[in-house]
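Worksheet: one structure, shown below.
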Amino acid sequence: MPMDERNDMNKFRKKRKRSKLAVRGVIFLVVMVIVILIAANWKTLIAPFKDVALNPGEGGFPVALPGSTGYVMGELGENFYLLTDTYLYTYNAVGAELSSFQHGFQNPASNSNDRRTLVFDKNGLDLKVFSRTSELFSKTMDDSIVFAKIGTMERSAVVTTSSRYSNYLYIFNGEGKQIFRWASPDEKIMQVCFGPNDNSFFVTVVGESGGDLRTNVVKFDIENAESETWRTYLGSDISFSLERCDDGVYVVTSGGAYLLDEQTGEISAETLFSRQVVGVAGTDGVRVILFHDAGSNGEIAVAYGEGLEAAAAITPDAVTAFDVCKGNLYILSGSKLLVYNSMLEAVKVKDLDDVYSDVKIINNCAYLLGYNKVQRVEF
């Protein structure tokens, strides 16, 4: 073979070798990028499959807390969540972590329904709504968020400050689109709750007239943003809680409890208090209010009947937290969990393995928040 042809062949081979090396280098870089992306998003990618992979017969309790300065525990249908100063963690009923989300808020607060958790930055501008395994949407408000509340379905209510009004109230649908806005001219919005299918909502507001406070409950319909459906005056006491129940709209103020007709706003039942309210449990077959008992310098729990008449009372020791579920009252006291029926008759006492700070009753199980763990006790 002539020398020139031999040189050309060598050049061709070297060029071909360099091309192969370049292709291999590109493939290696692509693979490394894919590996880095998978590693960075590993929790998000596997979150939907955690329930599938978990053997339901294997319990996950006690759940070791992930490490933070403080925790809030909440219900998420048959599951539960933990909100910390940096993360939202969701867990299933047997204690397996489903997802974790970094929210990035300075003063995080939350509430939830069976399928969604709303997390907002109290006195900040941002909020986020999550399912068990994904972030559904986020919003940045124009004014500081006072509080936010999620409905029974997918809608959310957000109350903000305003330079022109006392408060703004916004309603967002399940995709984060604004569908309602109301400016409260000179009354502070205290609580919000939704009606059936989130098509209506109720608001407690407090204003001032002649030097006296005035508390009202106002109903709105989503489809009619022009005017209030009804307004009911409840006196001069500050409201603590607002809840829509099967038998009406239930309101607890510092001076009494009221049951309003959902359609007309008429007061159908009421009771007045002579003690200081220190806790109100959501209704689920029984209405219980916790008062300060001056005589014992402790607490007294009072159960109220259908007409809001005082039906029974007990003076439990050292109430740490309490919850109601299916007509029973559950009181966490030190390392004991006490169970009472709707007439506040003692039903059961559970000795716990530790001292806990909060309790949530979900499907006849008590989920207990401790210093470094969440424990579950079955009944």
Side-chain angles (χ1 to χ4, degrees), residues 111 113 118 120 127 141-173 178-273 277 280 282-283 287 308:
N111 61 82
N113 60 22
L118 186 158
F120 62 95
L127 66 95
M141 309 303 296
D142 294 330
D143 301 292
S144 299
I145 300 172
V146 180
F147 69 91
K149 181 73 177 292
I150 198 163
T152 56
M153 305 295 286
E154 296 182 344
R155 291 173 174 171
S156 304
V158 182
V159 175
T160 72
T161 59
S162 171
S163 58
R164 297 177 56 194
Y165 304 98
S166 290
N167 292 115
Y168 265 125
L169 169 63
Y170 299 85
I171 304 294
F172 297 100
N173 66 12
Q178 180 185 315
I179 58 174
F180 185 95
R181 188 183 76 166
W182 176 61
S184 178
D186 51 12
E187 296 173 303
K188 291 293 185 182
I189 299 174
M190 305 300 291
Q191 290 91 24
V192 177
C193 74
F194 285 86
N197 300 316
D198 294 352
N199 291 324
S200 60
F201 60 95
F202 308 88
V203 181
T204 51
V205 294
V206 60
E208 182 270 335
S209 178
D212 295 325
L213 294 178
R214 294 180 61 86
T215 294
N216 286 274
V217 180
V218 186
K219 180 183 179 180
F220 293 91
D221 289 317
I222 296 291
E223 303 301 327
N224 180 16
E226 300 301 322
S227 62
E228 305 167 357
T229 304
W230 51 253
R231 172 181 284 253
T232 300
Y233 172 64
L234 294 184
S236 59
D237 298 303
I238 296 294
S239 61
F240 287 144
S241 68
L242 173 70
E243 184 180 356
R244 186 264 170 188
C245 309
D246 291 339
D247 55 350
V249 181
Y250 176 55
V251 190
V252 177
T253 74
S254 58
Y258 303 85
L259 192 62
L260 311 182
D261 184 273
E262 182 179 335
Q263 302 303 320
T264 66
E266 180 181 353
I267 298 175
S268 56
E270 64 180 294
T271 187
L272 300 180
F273 301 151
V277 178
V280 181
T283 62
R287 290 189 170 102
L308 294 186

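The shown structure was predicted, so the numbers you read here are calculated from the model rather than taken from an experiment.
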So, [X] and [Y], do they make that salt bridge, N to O below 4.0 Å?
X      : Y      : result
Arg164 : Asp143 : no
Arg231 : Glu187 : yes
Arg214 : Glu208 : no

If you round to the nearest 0.5 Å, how far is [atom2] of [Y] from [atom1] of [X]?
X      : Y      : atom1 : atom2 : value
Asp186 : Ser166 : CG    : OG    : 5.5 Å
Tyr165 : Lys188 : OH    : NZ    : 14.0 Å
Leu169 : Ser162 : CG    : OG    : 12.0 Å
Tyr258 : Asp237 : OH    : CG    : 6.0 Å
Cys193 : Ile150 : SG    : CD1   : 14.5 Å
Phe194 : Met153 : CZ    : CE    : 12.0 Å

Revision key, fill the gap. The single option from Thr215, Thr253, Ile189 that satisfies side-chain contact (heavy atoms from CB on, under 4.5 Å) with Val206 is Thr215

Would you say that [X] contacts [Y] through its side chain, given a criterion of any heavy-atom pair below 4.5 Å between the two side chains?
X      : Y      : value
Thr229 : Asn224 : no
Val277 : Ser254 : no
Phe202 : Val218 : no
Glu262 : Cys245 : no
Ile267 : Leu259 : no
Val203 : Val192 : yes
Arg155 : Phe180 : no

Exercise: identify the closest heavy-atom pair between [X] and [Y]:
X      : Y      : result
Gly195 : Thr152 : O-OG1, 4.3 Å
Leu308 : Ala257 : CD1-O, 3.5 Å
Ile222 : Ser200 : CG1-N, 4.2 Å

Practice item. Would you confirm whether the ring centroid of Tyr168 sits within less than 6.0 angstrom of the ring centroid of Trp182? Key: no

Does the side chain of [X] pick up a donor-acceptor pair with the side chain of [Y] at under 3.5 Å?
X      : Y      : result
Asp261 : Thr264 : yes
Ser241 : Gln191 : no
Thr160 : Asn167 : no
Glu243 : Thr283 : yes

Exercise for review: Dump the intermediate steps for side-chain contact (heavy atoms from CB on, under 4.5 Å) on Asn173 and Glu154, then the final yes or no.
Suggested key: CA-CA 6 Å; Asn173 66 12; Glu154 296 182 344; over 6 Å; no

For [X] and [Y], indicate whether the former's side chain and the latter's backbone hold a donor-acceptor pair under 3.5 Å.
X      : Y      : value
Asp198 : Gly151 : no
Asn111 : Ala148 : yes
Ser236 : Leu213 : no

Exercise for review: Output, in order, the C-alpha distance, side-chain angles, deciding distance and verdict of side-chain contact (heavy atoms from CB on, under 4.5 Å) for Ile145 and Leu127.
Suggested key: CA-CA 9 Å; Ile145 300 172; Leu127 66 95; 4.1 Å; yes

Review point. Is the NZ or CZ atom of Arg287 positioned over Tyr250's six-membered ring, under 6.0 angstrom from the centre and within 45° of the axis?
Key: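 Cation-pi check for Arg287 and Tyr250: passes.
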
Exercise for review: Mind running side-chain contact (heavy atoms from CB on, under 4.5 Å) on Asp221 and Asn199 for me, showing each step along the way?
Suggested key: CA-CA 6 Å; Asp221 289 317; Asn199 291 324; over 6 Å; no

**Study point:** Phe220 and Phe201 aromatic ring geometry - parallel, tilted or perpendicular at 30°/60° bounds
**Key:** parallel

Review point. Which is it for Glu228 and Lys219 under the salt bridge (charged side-chain N to carboxylate O under 4.0 Å, His left out) test, yes or no, and what are the steps along the way?
Key: CA-CA 6 Å; Glu228 305 167 357; Lys219 180 183 179 180; over 6 Å; no

Review point. Can Val217 and Leu234 be said to form a side-chain contact (heavy atoms from CB on, under 4.5 Å), step by step?
Key: CA-CA 7 Å; Val217 180; Leu234 294 184; 3.5 Å; yes

